[in-house]
Amino acid sequence: MSIALLVIGIILFVGLVVVHEFGHFIVARRNGVEVEEFGIFFPPRLYKRKMKAGWDFTINALPLGGFVRLKGEHDSDTEKGTFGAASLWVKSKIMAAGVALNLLTALVIFTFIALVGMPKLIDNQFTVHSDEHLISQQVLVGYVEPGSPADKAGFESRDEITGIRQPGYSPVGIVNAKELPSITKQFAGKTVDIFYVRDGQENWKTLKLLDTKAVEASKKTDSPKGYLGISPTNFSMHRYTWSAPVVAVGFSAQVTSLTFQGLGHALAGLGGLIAGGVTGNNEARQNGQASATEQVAGPVGIFVILKDGSLLGYQFVLLIIGIISLTLAIMNILPIPALDGGRLWITLVAHGLKRPLSQKNEEMINMIGFLILIGLIVLITFVDVKRFF
């Protein structure tokens, strides 16, 4: 089941690229701008098909996004049917259309999840209490302390802990992560069976918990220990009815705020990394690198998140896809060269100054932005491989 959800998640992720580019495609054609190519991913080209309307549909090798190539994309182009000859309003609509469809897609996904069961991921996650219905709650292993009883027994992150018992006695059910420390304390120093669920299969492991003396002694050190040695977390899902669209909008606002906070931390970390490198301050450089890299994920990171999320059900996978769609909308509205927002802001500034960019300058700005973007993606991919593997 989890493999099927992973495959579905990857297909939906690719679908976000198609949705984004379809926004540009449909708005351009409806406003008289000719489309020459609709590409999924970036070249080199793997597949090409000439469509009846005259444009090329292509599938390319680099899974870094997609593109719609319009006729005469430079402001200096004046021939009828070109992007350059379109009015400022039409250009703005075309460039903003991908953002709009990604935002709409995220809202639709969040509304659907709210109707069938929305996972709670954020502290103080937006909710409508009068219409909130708890439909499930699991206690998951968040972190396994190296060398702990749980580690020696082979517990893994995302295992669901369901109960604990002394051999020969009835199990004590665990339905809330806050209960686990007090329950394990009752069995301090004893051999117990821990019941858990992994990949949909129920099982148990027999292990000996740390005794009270060892746990109390560890509290006086820099590495306090628990009786079992895990950091449990609650994973709950809540369903809504009439308020589902309201929850979708509220959750989108929260994710948007957190995204900008994350970007702020990443930029601050990048600044610290550069400053540390220039001044030779290794501690500042390492702190800056950690702060910058922990806020972002590339293709490898997204794959790992989808793989892990597939173990928690289709709602979690859909939630990830919705968050990625919203993030694409946010990033593509920012003034980043080579992305939609960068092109839109350059066009608006040039129009305001009444000095259209020359084809050479426009291509140079977009090329520099594209190369920086590719460089960041390559760097983030290396960081993801080191982080997850």
Side-chain angles (χ1 to χ4, degrees), residues 1-6 8-9 12 106 109-129 131-145 148 150-151 153-164 171-184 194-205 226 228-240 243-244 247-248 250-252 254-255 258 262 294 297 301-324 326 388:
M1 181 62 178
S2 61
I3 295 177
L5 285 176
L6 173 60
I8 292 171
L12 289 175
I109 291 175
F110 293 153
T111 300
F112 173 76
I113 297 172
L115 287 168
V116 298
M118 174 171 277
K120 187 173 182 180
L121 300 181
I122 305 171
D123 291 336
N124 300 316
Q125 184 166 314
F126 182 88
T127 186
V128 177
H129 292 291
D131 188 40
E132 183 180 34
H133 307 277
L134 177 65
I135 58 174
S136 69
Q137 180 163 295
Q138 299 169 290
V139 177
L140 302 181
V141 176
Y143 171 76
V144 180
E145 181 185 331
S148 66
D151 183 39
F155 278 100
E156 299 176 2
S157 178
R158 292 176 303 281
D159 284 344
E160 179 188 356
I161 306 297
T162 59
I164 182 172
V172 177
I174 299 173
V175 295
N176 193 302
K178 294 180 180 179
E179 300 174 347
L180 189 58
S182 61
I183 292 176
T184 53
I194 304 291
F195 293 84
Y196 68 100
V197 177
R198 180 185 297 170
D199 296 333
Q201 299 294 319
E202 288 191 78
N203 211 326
W204 76 85
K205 292 180 182 293
L228 178 57
I230 67 170
S231 295
T233 181
N234 286 323
F235 178 73
S236 60
M237 286 198 290
H238 304 259
R239 185 173 58 82
Y240 304 85
S243 67
V247 171
F251 181 72
S252 297
Q254 277 189 308
V255 172
L258 290 171
E294 70 184 6
I302 290 172
F303 173 81
V304 172
I305 292 169
L306 285 172
K307 177 176 71 68
D308 292 346
S310 67
L311 301 174
L312 299 176
Y314 76 93
Q315 295 98 328
F316 194 84
V317 171
L318 283 177
L319 191 64
I320 294 171
I321 295 298
I323 291 173
I324 293 173
L326 181 59
F388 295 111

*Looking only at non-hydrogen atoms, find the nearest pair between Ala150 and Gly229 and report the distance.*
CB-O, 4.2 Å
_Can a donor-acceptor pair be found, under 3.5 Å and without considering hydrogens, that links the side chain of Asp131 to the backbone of Ser243?_
yes
*Is there a side-chain contact between Asn203 and Arg198, using heavy atoms and a 4.5 Å cut-off?*
no
*Going through the distances and angles, do Val144 and Glu156 end up as a side chain to side chain contact (heavy atoms under 4.5 Å, CB included)?*
CA-CA 7 Å; Val144 180; Glu156 299 176 2; 5.8 Å; no
_So, using side-chain hydrogen bond (donor to acceptor under 3.5 Å, both in side chains) as the criterion, who are the partners of Asp151 when residues are at least two apart?_
none
*Could you tell me which residues satisfy side chain to side chain contact (heavy atoms under 4.5 Å, CB included) with Gln125, sequence neighbours excluded, listed by chain and number?*
Met118, Lys120, Leu121, Ile122, Phe251, Gln254
_Aromatic ring pairing Tyr314/Phe112, orientation class (parallel under 30°, perpendicular over 60°, tilted between)_ = tilted
*asked:* To check you understand the geometry: which heavy-atom pair defines the closest contact between Gly173 and Ile183, and what is its length?
replied: O-CD1, 4.2 Å
*asked:* Quick check: closest heavy atoms across Gly117 and Ile135, and the distance to 0.1 Å?
replied: CA-CD1, 3.6 Å
*Shortest non-hydrogen separation from Gly142 to Ser157 and the atoms involved*: O-OG, 3.4 Å
*What's the spacing between Thr184 OG1 and Leu228 CG if we round to 0.5 Å?*
6.5 Å
*Point-to-point distance, once rounded to the nearest 0.5 Å, from CD1 of Ile323 to CD1 of Ile320*: 7.5 Å
*Please list, chain by chain and in numerical order, all residues satisfying side-chain hydrogen bond (donor to acceptor under 3.5 Å, both in side chains) with Thr127, sequence neighbours excluded.*
Glu132, Tyr240
*Check whether any side-chain heavy atom of Phe110 sits under 4.5 Å from a side-chain heavy atom of Leu319, and report yes or no.*
yes
*Taking all heavy atoms of Ile113 and all of Pro119, pick out the closest pair and write down the distance.*
CG2-CD, 3.9 Å
*Measuring from Asn176:CG to Gln138:CD, what's the distance to the nearest 0.5 Å?*
13.0 Å
*Heavy-atom side-chain contact between Ile164 and Leu180 under 4.5 Å*: no
*Which residues share a side chain to side chain contact (heavy atoms under 4.5 Å, CB included) with Thr162, sequence neighbours left out*: Glu160, Phe195, Val197
*Contacts of Glu202 that satisfy salt bridge (Lys or Arg N to Asp or Glu O under 4.0 Å) - sequence neighbours left out*: none
*Just jot down the side-chain hydrogen bond (donor to acceptor under 3.5 Å, both in side chains) partners of Ser136, sequence neighbours excluded, or say none.*
none
*Drop me the distance from Leu318's CG to Leu12's CG, to the nearest 0.5 angstrom.*
6.5 Å
*Return the minimal non-hydrogen interatomic distance between His238 and Leu134, and the atom names on each side.*
CE1-CD1, 3.6 Å
_Phe155 side, atom CZ; Lys205 side, atom NZ - distance, nearest 0.5 Å_ = 6.0 Å
*Do the side chain of Asn234 and the main chain of Ser236 share a donor and acceptor less than 3.5 angstrom apart?*
no
